[in-house]
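Presented below is the structure to which this report refers.
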Amino acid sequence: MPGKLDDISEAIGRLRASVADIQRRIADNQRLQDERYADQRAALRDLAQKLDKHAASIETIRPTVAALELARSKLMTWASIGFASVVLLGWIVEAAIKWLVTAILSHFQ
């Protein structure tokens, strides 16, 4: 029986060592997770600050963008009016040339 008790005692010792090793690994893992969590929180805080800065800069350029959109709209309106005027002037010139050619040809007949 003393041999069995020695074997049991050795098995219990190995189990205690395994449990202690597992507990150490768990503690190390928990520490690493806490460090990662702290690093991620810091990174997210930095990103939030950067996003706030970008949002503020976008708010400052918003009136400029609105003014440019209005200027573009006015430019397109004037371009459309100019194009229509050129087309109308072209029709008038074409009609005048046709009338002039017709008048000259009828003069020779």
Side-chain angles (χ1 to χ4, degrees):
M1 195 61 110
K4 277 189 165 183
L5 287 177
D6 288 337
D7 291 340
I8 291 172
S9 177
E10 287 177 17
I12 290 173
R14 284 192 303 268
L15 285 175
R16 282 186 177 170
S18 291
V19 168
D21 185 48
I22 290 172
Q23 288 175 341
R24 183 188 54 78
R25 287 183 182 178
I26 289 173
D28 288 344
N29 189 19
Q30 184 65 36
R31 182 184 50 80
L32 288 173
Q33 285 181 354
D34 289 342
E35 288 176 5
R36 287 186 196 134
Y37 179 71
D39 291 342
Q40 289 173 353
R41 283 186 62 193
L44 286 175
R45 193 175 320 113
D46 291 342
L47 284 175
Q49 289 173 351
K50 287 179 183 178
L51 283 174
D52 290 342
K53 286 180 185 177
H54 288 298
S57 66
I58 286 173
E59 286 301 319
T60 58
I61 65 170
R62 191 175 298 264
T64 305
V65 171
L68 289 174
E69 287 176 352
L70 181 63
R72 180 179 177 216
S73 174
K74 286 181 181 179
L75 182 64
M76 293 303 290
T77 302
W78 282 110
S80 297
I81 291 171
F83 182 72
S85 299
V86 168
V87 168
L88 184 63
L89 181 65
W91 286 344
I92 292 171
V93 169
E94 179 186 6
I97 290 174
K98 283 183 181 180
W99 177 80
L100 185 64
V101 168
T102 304
I104 290 174
L105 289 177
S106 68
H107 181 68
F108 288 121
Q109 285 183 1

Worksheet item: Rounded to the nearest 0.5 Å, how far does CG of Leu68 lie from CG of Leu75?
Response: 11.5 Å

Fill in: Ser73 side chain to Glu69 backbone, donor-acceptor under 3.5 Å
no

Worksheet item: Do you reckon Val101 sits in the same ILVMFWY cluster as Val93, going by side-chain contacts under 4.5 Å, direct or chained?
Response: yes

Worksheet item: Rounded to the nearest 0.5 Å, how far apart are CD1 of Ile8 and CG of Leu15?
Response: 11.5 Å

Discussion item. So, taking the atom named OG in Ser80 and the one named CE in Met76, what distance separates them when rounded to the nearest 0.5 Å?
Written reply: 5.5 Å

Worksheet item: Can you tell me how far the CZ atom of Arg14 sits from the CD1 atom of Ile12, to the nearest 0.5 Å?
Response: 10.5 Å

Practice prompt. Look up atom CG in Asn29 and atom CD1 in Ile22, then write down how far apart they are to the nearest 0.5 Å.
Written response: 13.0 Å

Worksheet item: Is any NZ, NE, NH1 or NH2 atom of the basic residue among Arg25 and Asp21 found under 4.0 Å from an Asp or Glu carboxylate oxygen of the other?
Response: yes

Discussion item. Looking at Arg62 and Glu59, is any side-chain nitrogen of the basic one under 4.0 Å from a carboxylate oxygen of the acidic one?
Written reply: yes

Practice prompt. Starting at CZ of Arg36, measure out to CD of Gln40 and round the result to the nearest 0.5 Å.
Written response: 8.5 Å

Worksheet item: Does any N or O in the side chain of Ser9 come within less than 3.5 Å of the main-chain N or O of Asp6, such that one atom is a donor and the other an acceptor?
Response: no

Worksheet item: Under a 4.5 Å side-chain heavy-atom rule over Ile, Leu, Val, Met, Phe, Trp and Tyr, are Ile81 and Trp91 clustered together?
Response: no

